[in-house]
Structures are given as C-alpha cells and as structure tokens.
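No hydrogens, no waters, no symmetry mates; every other heavy atom, side chains included, goes into these values.
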Amino acid sequence: MSRAPKALALAAAGIVACTDPAAPPTTLDPPDLRRAATRSLAPYDLGHLGGGSAIARDINALGVVVGSSMTESGEPHAFVWTRSGGMRDLGTLPGDTRSDANAVNVYGEIVGTSGNRAVRWTRSGRIVPLEMPVNADYAVATDINPTGLISGYILLPPELASGTDARNLPVLWRARSRLQLLEVPAPHHEGFAEAVNERGQVAATVGFDEIHTTRAARWHQRSGWLVIEPLQDDTRGTDLNERGDVVGFDLAVPYRPLPLIWPNGGARTELPGLNGARGGYARGVNVNRQVVGLAWVDEIGTTAGVVWDGRGVTPLPGLDGWDSFPNAINEFGEAVGGSGPYAVIWTRRPVGVQADVRTVPGPALRVAGGGARAARLPAWLEAERRQCSRAGGVREWTSAECLAAP
C-alpha cells in the first residue's frame with residue numbers, strides 16, 4: 001500500500017496526527033532539550049537474589065528500584081530495592097515459578113508479570129493478579145502512574161481478537177484491576193502500551209499491519225489515538241513523561257536505529273550519538289527531558305549507555321569492564337539498568353552511605369484528579385530541595401534550574 005492511501009486510512013479511522021487536545025501545549029521550545037544536571041553519576045551494583053545476575057527496570061522519585069534477578073533455583077524473580085533494605089524478592093503468584101517487575105510509582109506500588117499473568121504488588125508487598133480475558137494467552141503490565149492507572153498489553157487468541165490471527169492489544173487497568181482494552185483502529189489493529197503518565201496519557205507502539213510496519217503513538221481517554229508520525233515507517237514509542245513528551249527510536253533504516261524525542265507528541269528531535277556517530281535507542285525520559293538509552297559510539301554500531309540532556313550526551317560507566325544499558329531515569333537524574341550481569345543504579349550519592357538512608361517529611365506530590373499526598377524523602381534530596389528554596393510540588397523543586405544549582 002502506498003503512503004497516500006495509508007494517510008487517508010488513518011484519517012478515516014479517526015487516528016489524528018495533531019497535538020492531543022487533552023494535553024496543554026508545552027512552553028518549551030520543542031527542538032531544544034531542556035538544560036538539566038547530570039552531574040557526576042557513578043554506577044553501583046544492586047546485588048542479586050542468589051542466581052548471580054539481575055537487571056533493574058525502573059526507579060521512582062524516592063530512589064526505589066524494581067527489576068528481575070535470577071534466584072538460586074535458576075528462575076527469575078521480581079525484586080524491589082531500597083537504600084535502607086537492599087534487594088528483596090517479591091515472589092510469584094501461587095503455581096508460578098517466575099516473575100518480573102517492570103515499574104514502580106512514587107507510592108511504592110509495583111507492576112509486572114508472574115508467569116503469563118499481569119500483576120500488581122501493593123505497598124505492603126502483596127501480589128494481586130490483574131484482570132485478563134478468559135483464554136487470553138498472556139498479559140504484561142508495563143507501567144503504573146501515581147493514581148494507580150496501569151498500562152500494558154494482552155495477547156488475544158483469534159476467537160477473542162475478532163480475526164483469524166492472535167494479536168497483542170494495548171490495555172489499561174483502572175481501579176480494582178478493571179481491564180480496559182484500547183482498540184487500535186485500522187490499518188494498525190494491534191500494539192503495545194509501554195508507559196502511562198500522571199495525566200493518563202499512554203506511550204505505545206502500534207502497527208504490525210499487512211507490511212509489518214510500526215508507529216510510535218500516544219493515547220488519551222478524551223482524544224483517543226495520536227499516531228505521532230503517520231507517514232514514517234517503523235518508529236517505536238518506549239516512554240513518556242508528565243509533559244507528554246514521548247521517546248523512542250526509528251528503525252526505518254536497517255542497522256541504523258535513531259534515538260528520538262517527540263516533545264509533546266510533536267515533531268521529532270534526533271538525539272546525538274557519541275564521537276560524532278549517529279544512532280541508538282531512547283529508553284526512558286523524566287520531567288526535565290533527561291533521556292536515557294543506548295548511543296552509537298562508532299560507525300560499526302558499538303553502543304554505550306548514556307544520558308541525553310540540554311548539555312548533550314554523557315556516557316554512563318559500566319561495572320568491571322562491562323558495557324552499560326540504562327532503562328529508566330527518575331526526576332533527580334538517577335538512572336537504573338544493567339551492566340553485564342549486574343543490576344545497576346547510577347547516582348550522585350554512594351549507595352552504602354547510611355546517613356542517606358534516613359527520611360524526612362517531604363512536600364506534597366501533586367496527583368492528577370485533584371488533591372496531594374505528602375511523601376517522605378531521602379535526607380540528601382530534602383537538602384537539595386531546601387538549597388533551591390522551592391515550595392510546592394515535585395515538578396517545581398526538581399526543575400532543571402534547581403538541580404543545576406551549585
């Protein structure tokens with residue numbers, strides 16, 4: 001199918017290619033990544049659950065990390081890590097042997113998988129299965145926002161997918177784990193919901209149509225689907241922040257992926273490689289438009305873990321000679337991911353300093369839908385907040401200017 005008929009089909013299906021009306025326009029200049037402080041980030045090993053290897057997948061504003069680690073039995077289990085308690089096994093649903101934690105919100109609620117089922121771990125550590133259709137093959141929970149809204153996807157068999165083939169469908173789980181299927185109109189039909197922000201916007205990849213192309217996309221309850229670049233083949237959306245900025249990559253050129261940010265779902269900005277090379281993968285983004293992922297370091301495709309921000313691109317060092325591969329970054333510029341067999345946090349503060357473990361009352365964190373809830377902050381973060389003399393919510397006192405203060 002040619003590009004012009006594809007555009008007509010998108011319009012007829014009601015998939016828009018303009019700014020989401022539910023999202024107020026950003027005041028930042030889209031081509032300009034906001035200046036934010038990376039400072040000196042050092043890698044620290046988070047440990048493992050007895051099996052010798054682990055990977056960190058997400059970190060919240062308070063420094064709580066989640067991921068997956070091999071156990072002594074040889075099966076991966078979801079973990080949660082804190083400065084005060086180290087790594088803890090989150091376990092599995094009864095009958096399952098493996099689990100994985102994909103995301104954690106600011107209140108310590110965690111989502112991921114157990115066996116082939118999507119699950120949520122409450123703040124007390126109790127594991128709860130999320131609703132999925134009978135006979136669905138598997139479900140994955142990918143993210144959870146401060147209000148408890150969960151994104152993910154489900155593999156539907158042909159009899160449930162209204163077609164001849166099974167297909168993955170983006171989904172949300174709302175209060176009490178109630179399932180909402182996010183039907184993707186033709187010609188794309190299926191996809192994956194990768195992240196959900198405080199405003200209920202979802203970053204996704206849709207596509208896998210008759211010629212197997214994909215599109216980065218964003219969804220909102222009020223405005224439906226926004227295909228970010230409807231005429232550009234093979235883009236992927238991997239994460240978004242509270243501003244509605246989406247990050248991901250472009251796979252249109254074989255063996256040369258391009259790391260991208262779409263500020264507020266608009267025109268693309270390509271993120272630079274290292275040493276003048278071009279290419280990479282953007283994996284996570286915070287409210288200050290700091291982006292983590294992999295960047296090409298030479299023309300043969302060697303990669304390194306990096307942070308992109310307003311100053312350019314900064315490599316993240318690995319451990320014991322291994323390469324680094326970050327997956328997420330929080331509001332304070334702390335990143336998590338892996339380095340060889342190690343689950344790693346890149347942070348400005350040594351992990352072993354016990355003085356950093358104590359917490360103090362923090363500011364109210366503003367939550368979509370009204371109201372605010374107070375949080376307790378690590379002492380070193382509270383000191384930074386006082387230094388900036390900022391009152392109010394997390395957006396104000398984690399602003400780029402605040403973090404860059406001496």
Side-chain angles (χ1 to χ4, degrees), residues 28-43 55-57 194-195 203 205 213-216 228-229 231-241 245-263 266-286 288-329 333-348 400 404:
L28 303 178
D29 183 16
D32 179 28
L33 296 179
R34 182 158 185 181
R35 179 174 179 268
T38 304
R39 294 188 182 175
S40 179
L41 294 174
I55 180 70
R57 303 197 187 280
E194 298 287 1
T205 298
T213 59
T214 62
R215 305 288 190 278
I228 296 174
E229 293 184 327
L231 301 182
Q232 177 62 51
D233 292 348
D234 294 324
T235 55
R236 307 283 177 91
T238 57
D239 195 21
L240 82 168
N241 60 17
D245 305 323
V246 177
V247 296
F249 46 91
D250 183 342
L251 291 170
V253 178
Y255 312 111
R256 184 58 65 181
L258 300 178
L260 302 172
I261 181 170
W262 294 275
R268 67 166 57 191
T269 295
E270 182 181 336
L271 302 169
L274 290 164
N275 306 323
R278 186 185 182 198
Y281 303 87
R283 295 284 300 140
V285 60
N286 67 13
N288 294 314
R289 286 185 176 163
Q290 290 176 291
V291 181
V292 293
L294 294 175
W296 259 226
V297 299
D298 54 39
E299 292 305 316
I300 64 173
T302 307
T303 61
V306 299
V307 177
W308 289 279
D309 59 26
R311 300 177 301 172
V313 55
T314 304
L316 292 174
L319 290 173
D320 293 345
W322 291 96
D323 293 336
S324 59
F325 44 97
N327 288 320
I329 185 167
E334 294 181 299
V336 295
S339 178
Y342 303 107
V344 175
I345 180 172
W346 288 271
T347 180
R348 307 189 303 276

Exercise. With a 4.5 Å limit on heavy-atom distance, are the side chains of V307 and I329 in contact?
Worked result: yes

Seminar exercise, completed: On a heavy-atom basis, the closest approach of G237 and V246 is CA-CG1, 4.4 Å

Problem set entry | Residue pair G279 / P259: nearest heavy atoms and the distance that separates them | C-CD, 3.4 Å

Exercise. How would you list, by chain and number, every residue that makes a salt bridge (charged side-chain N to carboxylate O under 4.0 Å, His left out) with D250, sequence neighbours excluded?
Worked result: R268

Exercise. Are I300 and T302 side-chain neighbours, meaning at least one heavy-atom pair lies under 4.5 Å?
Worked result: yes

Exercise. Do you know which two heavy atoms are closest between V344 and P43, and how far apart they sit?
Worked result: CG1-CB, 3.7 Å

Problem set entry | Backbone of A216 reached by a side-chain donor or acceptor of T205 within 3.5 Å | no

For this session: With sequence neighbours excluded, tell me which residues meet side chain to side chain donor-acceptor pair (under 3.5 Å) with D239.
Result: none

For this session: Answer whether the closest heavy-atom distance between the side chains of T235 and W262 falls below 4.5 Å.
Result: yes

Problem set entry | Backbone N/O of G337 and side chain of W346: donor-acceptor pair under 3.5 Å | no

Exercise. So, for L294 and P326, which heavy atoms are closest and what is the spacing to 0.1 Å?
Worked result: CD2-CD, 4.5 Å

For this session: Please identify each residue that fulfils side chain to side chain donor-acceptor pair (under 3.5 Å) with Y281, with sequence neighbours left out.
Result: none

Exercise. Do side-chain atoms of S324 reach the backbone of G305 as a donor and acceptor pair under 3.5 angstrom?
Worked result: yes

Exercise. For the residue pair P263 and A267, what are the closest heavy atoms and their distance?
Worked result: CD-O, 3.3 Å

For this session: Give, for atom CZ of R215 and atom CD of E229, the distance between the pair rounded to the nearest 0.5 Å.
Result: 9.5 Å

Problem set entry | Pairs where residues 270-280 contributes a residue and the test side chain to side chain donor-acceptor pair (under 3.5 Å) is met, not counting sequence neighbours | E270-R278

Exercise. How far apart are the C-alpha atoms of L316 and L41, what are their side-chain angles, what is the distance that settles it, and do they pass the side-chain contact (heavy atoms from CB on, under 4.5 Å) test?
Worked result: CA-CA 7 Å; L316 292 174; L41 294 174; 3.9 Å; yes

Problem set entry | side chain to side chain donor-acceptor pair (under 3.5 Å) partners for N286, two or more places apart | Q290

Exercise. Between A295 and G273, what is the shortest heavy-atom contact and its length?
Worked result: CB-CA, 4.1 Å

Exercise. Looking only at atom types and distance, does a side-chain atom of T214 sit under 3.5 Å from a main-chain N or O of R236, one as donor and one as acceptor?
Worked result: no

Exercise. Can you list the steps and then say if L271 with V313 is a side-chain contact (heavy atoms from CB on, under 4.5 Å)?
Worked result: CA-CA 8 Å; L271 302 169; V313 55; over 6 Å; no

For this session: Look up atom CD1 in I261 and atom CZ in R289, then write down how far apart they are to the nearest 0.5 Å.
Result: 5.5 Å

For this session: With sequence neighbours left out, write down each residue that passes salt bridge (charged side-chain N to carboxylate O under 4.0 Å, His left out) with R57, or none if nothing qualifies.
Result: D100

For this session: Decide side-chain contact (heavy atoms from CB on, under 4.5 Å) for I55 and N327; before the verdict, give the C-alpha distance in whole Å, the side-chain angles of both, and the deciding distance to 0.1 Å.
Result: CA-CA 9 Å; I55 180 70; N327 288 320; 3.8 Å; yes

For this session: State whether a side-chain donor-acceptor pair under 3.5 Å links E194 with T238.
Result: no

Exercise. Is there a donor-acceptor pair closer than 3.5 Å between any side-chain N or O of T303 and the backbone N or O of W296?
Worked result: no

Exercise. With a 4.5 Å limit on heavy-atom distance, are the side chains of D309 and N288 in contact?
Worked result: no

